[in-house]
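So the structure is just underneath, and the comments pick up after that.
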Amino acid sequence: MADSSNGKTLSDYVAGSFKGSELDGLDAVISAIAEGSAHVHSQVQAAALADALGTTGETNVQGEIVQRLDKSSSDTFVDVLNGCGRVAVIGCEEIEDPVIAGDSNLHEYIVLMDPLDGSSNIDVAVSIGSIFGIWRRNLGEEVNNDSLLKPGSEQIAAAYVVYGSSTVLVIATHSNVQGFTLDPETGNFVMTHPNLKIPDQCPYYSTNEGNFGNLDDNTRQAIMNLRNSLSLRYVGSLVADFHRNLLKGGIFLYPADKGRPNGRLRLMYEANPLGFVAEQAGGSASTGSERILDILPKELHQRTALIIGNADFVGDAVNTIGG
Ligand code: AHG
Ligand code: MN
Ligand code: MN
């Protein structure tokens, strides 16, 4: 479980972790994500008061109605990531094509993001979030639309934010997984969840039981096995369900179904970043037949099935789904 705040701020953490290392410059990228998250926190808190709820009336590349907070959070993160001077390409759920941010030798990082996850929960004050995958590019490699089509196993870091009863930023590198809570008074993130590891116990399963009728027989059996032993918790915001399962133990499943054989969630900026966090915290992430981080991506917005969380329970579910 989380320790109380040790007073260490995010700035202390990034300065002590990356400057002068082979990940030099990552501090600027993570600080930009933190800065953008503090802005989005304020946007989320004030949305109803600022007449910023509801839709823009546009439809995005996903074929989904764009919520006004989807757009404002996307704009916010593109702005701060461009501004940090270290990002070459940005991929975003809300933007059809990659945003080429820079191609100098300083622009070493690639960021793929879901700026506002759980959009159906925005207007009803239920937890939502933001998700980020971070890759490095090979300097000298041309910067273009394909620069960001790298497997999740090549991520060098990942992060997510939950805008819930508190606003928590979780950052995973190949060394550890650290959680920080926003102090709304100062606008700083303070370390509150050091060295996160997913617990061995697994009290919860998270899935949209309304899809049960669309599942094949093996997948139904995997869900029934979980029904018989675990409690159901399903927020409808992937990042909130994932965060609870990371802290308390659990498994999240959005399997392929008859209507969506390729799954519903997005590989590059939902499954890959959270799959990286899960594995660094001792968990795992699968499509039901393949490790998420092994998938060779073909396009920015491709979808995937996702089973993620406690490694033993993910393994059991994958074995049952595989028949
Ligand atoms: P987004 O709001 O970025 O489109 O993501 C929503 C996703 C994910 O957050 C959540 O787990 C899932 O949609 C819920 O889907 P259902 O409403 O089909 O259960
Ligand atoms: Mn999402
Ligand atoms: Mn989204």
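In each ligand, atom 1 is the first atom listed, and ligand 1 is the first ligand listed. Keep in mind that the numbers below use all heavy atoms, side chains included, and drop hydrogens, waters and symmetry copies.
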Would you verify whether the NZ or CZ of Arg220 falls within 45 degrees of the ring axis of Phe212 while also being under 6.0 Å from that six-membered ring's centre? yes

Closest protein heavy atom (residue, atom, distance) for atom 15 (O) of ligand 1: Arg264 NE, 3.0 Å

Check the side chains of Asn121 and Ser237 for a donor-acceptor pair under 3.5 angstrom, ignoring hydrogens and angles. yes

Within the stated cut-off of 2.8 Å, is an N/O/S atom of Asp114 closer than that to the Mn ion (ligand 3)? yes

With a cut-off of 2.8 Å, does any N, O or S atom of Pro115 fall short of it relative to the Mn ion (ligand 3)? no

Give the numbers and elements of all ligand 1 atoms closer than 4.0 Å to a heavy atom of Glu64. 4 (O)

among protein heavy atoms, the one nearest atom 5 (O) of ligand 1 is Asp117 OD1, 3.1 Å

So does Lys71 pair up with Glu58, basic N to acidic O under 4.0 Å? no

Let me know which of Tyr160, Phe77, Phe276 forms a ring-ring contact (aromatic ring centres under 6.0 Å, His included) with Phe132. Phe77

Measure the distances from the heavy atoms of Leu265 to every atom of ligand 1 and state whether one is below 4.0 angstrom. yes

Which part of Tyr269 is near ligand 1, with near meaning a heavy atom under 4.0 Å away: side chain, backbone, both or neither? neither

What atoms of ligand 1 come within less than 4.0 Å of a heavy atom belonging to Asn208? 16 (P), 18 (O), 19 (O)

For ligand 1 and Asn211, I'd like to know whether there is a polar contact (N/O to N/O, distance under 3.5 Å). no

Let me confirm one number: the CG-OG1 distance from Leu253 to Thr207, rounded to the nearest 0.5 Å. 5.0 Å

If we only consider heavy atoms of Ser237, is any one of them less than 4.0 Å away from an atom in ligand 1? yes

May I have the angle between Leu116 O and Glu93 OE1 with its vertex at the Mn ion (ligand 3), rounded to 10°? 150°

For atom 4 (O) of ligand 1, which protein heavy atom lies nearest, and how many Å away is it? Arg266 NH2, 2.9 Å

Give the residue and atom name of whichever protein heavy atom lies nearest to atom 18 (O) of ligand 1, and the separation in Å to one decimal. Tyr254 OH, 2.6 Å

Going by the atom numbers of ligand 1, which of them fall below 4.0 Å from some non-hydrogen atom of Phe252? 11 (O)

Does Leu116 have a non-hydrogen atom less than 4.0 Å from ligand 1? yes

Note: ligand 1 atoms sitting under 4.0 Å from heavy atoms of Glu93 are 1 (P), 3 (O), 4 (O)

Just need the protein heavy atom nearest to atom 19 (O) of ligand 1, so name the residue and atom and give the distance. Tyr234 OH, 2.6 Å

With a 3.5 Å distance limit and no angle check, can you tell me whether Glu154 reaches the backbone of Pro151 through a side-chain donor-acceptor pair? no

Side-chain contact test, heavy atoms from C-beta onward, threshold under 4.5 Å: evaluate it for Pro297 versus Leu267 and give yes or no. yes

Considering only the protein, which heavy-atom contact is closest to atom 10 (C) of ligand 1, and what is its distance? Gly236 O, 3.3 Å

Looking only at non-hydrogen atoms, which of Leu238, Asn121, Thr207 approaches atom 8 (C) of ligand 1 most closely? Leu238

Three-point angle Glu270:OE2, the Mn ion (ligand 2), Asp117:OD1, rounded to the nearest 10°: 110°

Provide, to 0.1 Å, the distance between atom 3 (O) of ligand 1 and the closest protein heavy atom, together with that atom's residue and name. Asp114 OD2, 2.9 Å

Quick check against the 3.5 Å criterion: does Asn60 have a side-chain atom that pairs as donor or acceptor with the backbone of Glu64? yes

Any atoms of ligand 1 less than 4.0 Å from a non-hydrogen atom of Glu270? List them with their elements. 3 (O), 5 (O)

Hey, does the Lys NZ or Arg CZ of Arg137 hover above the aromatic six-ring of Tyr109, less than 6.0 Å from the centre and inside 45° of the axis? no

From CA spacing to verdict: salt bridge (charged side-chain N to carboxylate O under 4.0 Å, His left out), Glu141, Lys150: CA-CA 13 Å; Glu141 180 186 86; Lys150 299 177 185 292; 3.5 Å; yes

If the cut-off is 4.0 Å to any non-hydrogen atom of Ser119, which atoms of ligand 1 fall inside it? 2 (O)

Could you tell me whether Val239 and ligand 1 have an N or O pair separated by under 3.5 Å? no

Let's go through Arg86 and Glu108 carefully: what are the C-alpha distance in whole Å and the side-chain angles of both, what is the deciding distance for salt bridge (charged side-chain N to carboxylate O under 4.0 Å, His left out) to 0.1 Å, and is it a yes or a no? CA-CA 6 Å; Arg86 290 287 193 166; Glu108 298 163 282; 2.8 Å; yes

Tell me yes or no: between the side chains of Tyr254 and Arg303, is some donor less than 3.5 Å from an acceptor? no

Just so I know, are the side chains of Ser231 and Tyr205 near enough to count as touching, which here means a heavy-atom distance under 4.5 Å? no

Side chains of Thr76 and Asp79: is there a donor and an acceptor less than 3.5 Å apart? no

